[in-house]
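Below is one structure, written out as structure tokens; comments come after it.
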Amino acid sequence: MARLFSPVANTIARASLVAAVAVPVGAIVMGSVVSRSPANTNVGVAFDQPVPFSHAHHSIELGIDCRYCHTSVTKSSSAGIPSTETCMSCHSQIWTDSPLLEPVRQSWAEGKPIRFASTGEVGWNRVAKVPEFVYFNHSIHIARGIQCNECHGNIQEQHMTAKGKPFFMKWCLDCHRKPEKALYVDEQQPDLTPQEKVFAFYRKIQEGAKLSARELALKKGREYQPTAAELEKGREMVQKMDIKVKTLADCYICHR
Amino acid sequence: MAETLTKPHDEEPLIEGNQTYASLTETVAGVVQRQKDHPKAWFVAFVLGFGLVNVLLLSITYLVYMGIGIWGNNQPVAWSFDIINFVWWIGIGHAGTLISAILLLMRQEWRTSINRFAEAMTIFAVMCAGMYPLLHTGRPWVAYWLLPYPNILAMWPQPRSPLVWDVFAVSTYMTVSILFWYTGLVPDLATLRERVKNRFAKVLAGMGSLGWRGSAKHWMRYEQAYIILAGLSTPLVLSVHTIVSFDFAVSILPGWQATIFPPYFVAGAVYAGFAMVLTFMIPMRRWYRIEHLVTMNHIDWMAKIMLTTGLIVFYGYIVEVFYAWYSANPYEQFMMWNRWHGPYAPAYWLLILCNGVIPQLLWSKKNRRNLKLVFAVSLVVSLGMWLERFIIIPVSLHRDFLPSSWGMYYPTIWDFGMFFGTIGFFVMMMFLFVRFIPMISIFEVRELWSRIRPQRAEVKEVEA
Amino acid sequence: MEETKTQTGLDIEEIRRRLRGERGQRYWRSLEEVAETPEFQQFLEDEFPNRSSLLDLDRRSFLKVMGASLALAGLSGCRFLPKEKIVPYVKAPEEVVPGKPTYYATAMPFAGSSIGLIAKAVMGRPIKLEGNESHPWSLGASDVFSQAAILALYDPDRGTTVKNRGFVATWEEFLAEARKVLPQAKGVRLVVGDVASPTLERQLAEFQAIYPNAKIVRHEPVSRANVREGAKIALGREALPVHDFSKARVVLAVDADFLASMPGSVRYAREFAGTRRVDEENQSLSRLYCVEPAPTPTGILADHRLPIAQADLEGFLQHVAYLAGAASQPGAANLAPESFWNGLAKDLRSAGAQAAVVVGDACTPAAHALAIAIQAKLGSVGSTVRYVAAPAVRSDQRLSALVTDLESGAADAVLFLQANPVYSSGLGERLGKAIGKAKLSACFDLYETETAAACSWYLPAPHFLEDWSDARALDGTVSIVQPLVEPLHDTLSVHSLLPALMNRPSEPLAEVRKTWAVDDKTWRTWLNEGVASVPKAAELPVPATVQAPVGRSRRVDGFEVAIRPDPTVWDGTFANNGWLQELPKPFTKLTWDNAVHLSFSAAESLKVSNGDVVRVTLGERSVEGPAWILPGLAKNTVLLHLGYGRRAGGRVAEGAGFDVYPLTSEDSPWGGVGARVEKTGKRAVLASAQMHFSMEGRDIVRMGTMEEYRRNPSLKPEHAHGEAPRDLTLYSDEEKRREQEGVQQWGMAIDLNLCMGCNACVTACQAENNIPVVGKDQVQRGREMHWIRIDHYYGPRAGDGSGDNPTHVVQPINCMQCENAPCEPVCPVAATVHSHEGLNQMVYNRCVGTRYCSNNCPYKVRRFNYLNYQFAQKNFDRKEDIPLLKLLNNPDVTVRGRGVMEKCTYCVQRINAARIEAKKKGRDIRDGEVVTACQQACPSQAIVFGDVSDPNSRVSQIKRNQRNYALLGELNTRPRTTYLARVTNPNPEIEA
Amino acid sequence: MSHAIEVSQGPKVYGYIAEFEEAEQLVQAARKTAEAGYRDFDAYSPFPIHGLPEAMRFKDARVPWIIFFCGVIGAIVGYGLQYYVTVFDYPMNVGGRPNHSWVQYIPITFECTVLFAALGAVVGMFGLNGLPRPYHPVFEAKNFERASEDRFFLVIEASDGKFDAEGTRRFLESLGPTEVNLVEAEEV
């Protein structure tokens, strides 16, 4: 009889079996990789801004306190974006003719919010944004002594501001389940309140003071694995501040 | 040993006439081979089905665009046609698995002529059913959250919910049914591989048959696997409708919270399933001239099973009434009162008529062998089983605990669009199936024939 | 796009590299270099291909942008994450902390009176109104109208610009023409309602001084003229009664809905509630007699309720006066059984100074006079009631006179100041025509009303949240109305309009301050307090014996028509308010419609059922509307509600219901006797939010009389199963209890003895939680979205065979936050689970919308977004409306999209805000720091919320009351919201 | 198909094939062949014939065991998943039920058991049968297309130690087949 398939068909058959399994699995893996990559999260991707504002320059080189511009960071959910007035309080004195600052001066002159010189579109491009349907409150985190860098990465080193962390739910929960990981006392100035500690951190960097391993990691925006001792200390702080850890992972803490 | 077990048929044989392996093969495979001479009925039915499929697509498109609001659902009746149809279709599916698995385990040889057909029915019915749980969600595009997979949200499905059980049950049921069906199909595809002339079809069959060559060693492992698959499918099929019934039994709603539900749902499923098999088989066997394979015996037996399961279901209705009275629970009692006298009472009494009264005709052998009548009864039962779910779902929901939140439910054209749409889909798939796939398991017929045919000696004489 | 992304990515690297290591001056220069580099330019181009720039941002549109930010998200599609703009202030306003609400005291003028409010603004946009605790007529609570008023501010249907004969015009044009016409006009007419603003009154006077031929025409559709009239008869001077129910032991309310709709009701409800709280210690209840033609929320709480035709009320009061010894001759004794009269009389006499007789605005002057006589006799004047001088309102002409003047040409310039007589009077049609004859006719109003359509000029009025003004409350308490936002539209304050017409342009603020010449310090305290420290209205002396005319019953042949303001849209002023249109009316639970309300027996005799369109003829005028049976109506009384059948004034208002004004006349605004009712054979569809009004003998609302309460304090019916035993569970709940240790546990208690179903909580919740309006069709399909609803049940009343006078009970139902929530285990995606604080969390963004939770909720408090309801309010689905409506949203509450389930959250946004503030202070939330929206609005404080794990919290104390019970407790759901059984205090001597 | 890929080497001998008309004959033949000491031989039939494997002295009980183990794995995976999710990864208070509400985990556990077992059955069975194998030398045998319809074949493969062209052919003819042929295949 005329056979239907030639021997090579066997190989093809087996190959297609393998493919049938490999392809979907591969696709899924790819998907999850992409969804966690900067292509999706924008981590480390700097957007352009009306003015190429440099946190590095202002916070460390000039030593301006975060709260000078982000006025409500200790009071309210939103950290607050500086008004043109705030910018002008210095830049009416210095770099009064810098073309890069033209948008600021224009805003001040017209009494209209800052806009892109190029496109004329209004406002700053938002860099750090929690996902939709999440209610984040800056003030309570600061009050607990959570460093800005925990979420904003090496912000004080950035010339072009970029997102520091992916802001995944998983990532938030990681801290909300084990706050002791992020709570610490600055050994060099232990009597600072947690809130003062947050901002004193940048003074230390500016003065080039010696930084602990944890502080170094924070400075660079790297992950840090606290030592057992540190965790123990952290738990004590949780106790002291009466943080009800079990409630921190409740939906209603972040979603309403 | 098979012979020692009870043969369902006493007087007439399961395969009529003077057959040979070749002739049997010819009858069944011929249907697929001779694409030219299909009966007119095929085209009529196919076109009908195809038309309705378009209605389905239209309904789905509009649904996804607008939202569930295009249906009649509301508060308090948050589920209605969507879940009614889901349960109805799943139920219909059950006959297939029952025939192919349970009857196989029971060595009921008469299953051989109908199991392939019934299994196909199962698969298509489950497809129809599967659409509803997905589409009835408010946001179908995130329905995949019901599947467990590690994600950036650190969220998982909530395994206490019967809906998650449904996801596992239905997908398992679908997978196992397809495996079972395909496994049974492989040797027949091998047959087609050798018989069909059309090259394309030949290659297709060749690929499908996986190079099956009927080796005795293969047959042995094949039968081991096949019988164990049957052994797995049997509890599976029972579990599936049990779990579907949990959607209701697990709740606290009067009319839903009933321990009788699992058995009574399973029985109902088989009931509806056999009705559907008959609805299709009776015309098919005529159109495709396979009366000698699907004999009056088969019809008779299916009718008997329908009657039996029907009685179980009817018993279920009676028990519900008993519970309502015996519980002394005002909500339960009102629920039953409402079924009898409430605004939807006609539906309830029609249900009793369809599922309880009319099927009693099947007690008489004469009726069981009256094709027209059995056909009619099977249709009535399908309707009845749909009504049963209507009574259970919207009618229980529309008046629950607080009279202030009572309401009414009125279906919209889109509710019906979805329903008839899926019926169309089912019809279309069935008719495509009979056209392109052997609707009877050829090798099992041969095997059966090899055992029940008249002794070889006689054959010799006949041949001489 | 991909390509440009990588492309620009490189650029950024490049730029960073150049910038690194540069310092100071050098740094800037290098930056400039960078800026000049073609890569940098290119980068700008690629990353933002010419995108449409936003509107110029003056503060007004700035608000729009803030609101529309969601809509803007995703403009640049080149990344997965939507790009979002942050628009900073140029100059940050002092008081605004971004993300934090600011609160301002203001007041809402309403029907000649006002209520003091606290307005909440977020980033400069008002989003919520609450009662002002320091305002005597709010005491922190509010009513449906003040809760819903905020919606009107953002109503897209508001008049946005001056119009001349329908064509867009300018204020300048109008003022020019007005200044031309007014001086040589034969007769100028200003049509105003009962004005609450002293400044406006002053300006009106000044206006007349300048234009001597100007006459003021008063037109208030729902006026208190009869009240003032009655006082005039009895005391010789127009006066208004100011009650004090905290002192009252026996209250006789004659067609007086003093708990819900009467001016002052918010305070009255609080006072009255104080006399109705029952527990182990305090078991002395006040007693409330209600005599009314149509059931009112007040009637719900009555211990004795008597449905009596409107025409008989005078006769009734006459007899009360006779029994009280205030009148010599008896009245209509046949209206009530002997025992009733005796019981009532005995109660009143024994109560003496602690008795109160309240008479409704619809009653005749004589009735009011009689009430004064009775109270004077009982000596309750000065204790439960004071009579204060009514504000001196000048009214030179009645509407009818205006019409004739216009027709004759005696008046040729007419200006309507927030008055809409073309719609809201019986003379509407004639007036409409007559206006056409005038040389100058202008209508100044929030909406382009029917009157505006008849006038040649339409002048857009500002919302009271956009305007400076002042407002007098019932007893003359003055509050300053201060604006929260710049006007959203091209409006002009009435306080500037009048001066402009008098050729001395002025600012509203200046005008108001002119009225109250006080130094800035006092002024600022007034603004903060919300109450001005000025003398209240003078109290009138009332002689011990007052001569009142003899009250007579008029014979009712056929039917009598009782016309009342609608409980939700009032006289039509709120007809374009979606919240109020969809608010289920007390008793009928109707939405989006008014109806011809008939008593049971009337419906029987007429053989009509709900929805049959009937024609009601009064005199020679008649109206047609759908019938609705309202048990509790006096046998032959037909109740009609004003405010519907609007022909203009907004997309929501138009076409809803039927107009009743044709049946009113200046002399009988409240209906009359001798009406005919006949079937037309037509049917109409009405949308009712509740279909079944009987408790079916189930243990839902527990109630009983004082005696029953003393016998069985829990008032649990003996047949009822009651709460399931705690140990009746398959699993031990030990684990869960441990998890809740040391965490505050939220719970709520609702005292059914105080709730009269005024709906304030429902509207408050709607405003607080961004609850959408779904429209009549959806309500009719049973898809209304209210998170808290007021269930209404009828019960039999002893001795009422006809079913014409059933007992009414109401029960507010919100999410019970069950500890064993049945909704939770059935959710396949854990979108609804419990928090450690005992809240039944509903996470919208996790919900896939299987609706299983709703099926399994025995209270059916869950609401599903069957369609995209947000911004799909009836007719508010135009794209251009959405940015405006978005401004109203509470930014702390998720706006739910299509296909998700939602429900009451105990205002978790308020809990979280309070918790964060408390935690920052290093403590837990204190009792009373979290007040839910419904609780805050509730005038009678029936709703109490708090930490049930703290035995001293107010809610815990209340839950210890023996009357406390769990609704459907037998299901072992363990609800956190529990109810206090209702106790009535009928007079044992009155056998029903 | 054969012309599709031509491999440059002459056909090889696969074995001898005997054709029978009746299943009973095949069983007989198989038994004799086994008794004659042949090992590499196989029987082909259009339907499973009871007693044939025994006649061939062929035993293989691996399929049931595969299924069993797959089932066990399924059960563990099913229950383990639920336990991990609700007790370790994200414990939540769901309607006051304990984190480990084992009663409600039964259905999914059961379904997973069945699913894994069923997959094991099919994959195991075809796997052990060396399928899919679209090409097999025996397909090149004469009349073999009827092996899937109404004919019964016995093949003694050249790989068998006892195989020798003449002897084997004679042995087969002694079994009373309708005919005996040499099977030559492109690839063995």
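The figures here come from the full heavy-atom set of this structure, side chains too, leaving out hydrogens, waters and symmetry mates.
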Can you tell me how far [atom2] of [Y] sits from [atom1] of [X], rounded to the nearest 0.5 angstrom?
X: B:Trp145; Y: C:Cys847; atom1: CH2; atom2: SG; answer: 9.0 Å
X: C:Glu696; Y: B:Trp406; atom1: CD; atom2: CH2; answer: 4.0 Å
X: B:Met408; Y: C:Arg781; atom1: CE; atom2: CZ; answer: 14.0 Å

Contacting moiety of [X], where chain C heavy atoms sit under 4.5 Å:
X: B:Trp165; value: neither
X: B:Val77; value: backbone
X: B:Tyr65; value: backbone
X: B:Ile83; value: neither

Is it the backbone or the side chain of [X] that comes under 4.5 Å from a heavy atom of chain B, or both, or neither?
X: C:Arg789; result: side chain
X: C:Leu968; result: side chain
X: C:Pro858; result: both

Could you check whether any side-chain heavy atom of [X] comes within less than 4.5 Å of a side-chain heavy atom of [Y], counting everything from C-beta outward?
X: C:Tyr866; Y: B:Gln75; value: yes
X: B:Ser404; Y: C:Met691; value: no
X: C:Tyr793; Y: B:Leu402; value: yes

For the interface with chain C, which of [options] has the highest count of heavy-atom pairs at distances below 4.5 Å?
options: B:Ser396, B:Pro76, B:Gly407; result: B:Pro76
options: B:Leu146, B:Val164, B:Leu153; result: B:Leu146
options: B:Pro157, B:Pro133, B:Pro162; result: B:Pro162

Sidechain-backbone polar pair: [X] side chain, [Y] backbone, donor-acceptor under 3.5 Å:
X: C:Asn856; Y: B:Ile252; result: yes
X: B:Asn74; Y: C:Arg783; result: no
X: B:Trp256; Y: C:Asn855; result: no

Q. So, B:Ser405 and C:Tyr859: side-chain donor and acceptor under 3.5 Å apart, yes or no?
A. no
Please evaluate residues C:Glu970 and B:Tyr331 with respect to the criterion side-chain hydrogen bond (donor to acceptor under 3.5 Å, both in side chains), reporting the C-alpha separation (whole Å), side-chain torsions for both, the decisive distance (0.1 Å), and the verdict. CA-CA 11 Å; C:Glu970 62 266 44; B:Tyr331 307 113; 2.8 Å; yes
Worksheet entry | Charged tip of C:Arg698 within 45° of B:Phe334 ring normal and under 6.0 Å | yes
Looking at [X] and [Y], what are the two nearest heavy atoms and their distance?
X: B:Ala78; Y: C:Ser854; answer: CB-OG, 4.2 Å
X: C:Asn845; Y: B:Arg139; answer: O-NH2, 3.1 Å
X: B:Val64; Y: C:Arg898; answer: O-NH2, 2.6 Å
X: C:Thr850; Y: B:His136; answer: O-NE2, 3.3 Å
X: C:Cys857; Y: B:Asp400; answer: O-OD2, 3.9 Å

Heavy-atom count check: over 12 atoms from other residues, nucleotides or ligands less than 6.0 Å from B:Trp340 CH2?
no
Greater than 12 external heavy atoms within 6.0 Å of B:Tyr144's OH
yes
So salt bridge (Lys or Arg N to Asp or Glu O under 4.0 Å) across residues 159-171 of chain B, not counting sequence neighbours, yields none
Handout entry: Intermediate values then yes/no, side-chain contact (heavy atoms from CB on, under 4.5 Å), C:Val826 and B:Asp247
Key = CA-CA 8 Å; C:Val826 299; B:Asp247 286 351; over 6 Å; no
side-chain contact (heavy atoms from CB on, under 4.5 Å) filter on C:Ala830, not counting sequence neighbours, yields B:Met155, B:Gln158, C:Val833, D:Met92
Point to revise | Intermediate values then yes/no, side-chain hydrogen bond (donor to acceptor under 3.5 Å, both in side chains), C:Tyr852 and B:Ser161 | key: CA-CA 9 Å; C:Tyr852 199 170; B:Ser161 168; over 6 Å; no
Worksheet entry | Test log, rule side-chain contact (heavy atoms from CB on, under 4.5 Å), inputs B:Ile68 and C:Arg851 | CA-CA 11 Å; B:Ile68 303 302; C:Arg851 308 186 294 293; 3.9 Å; yes
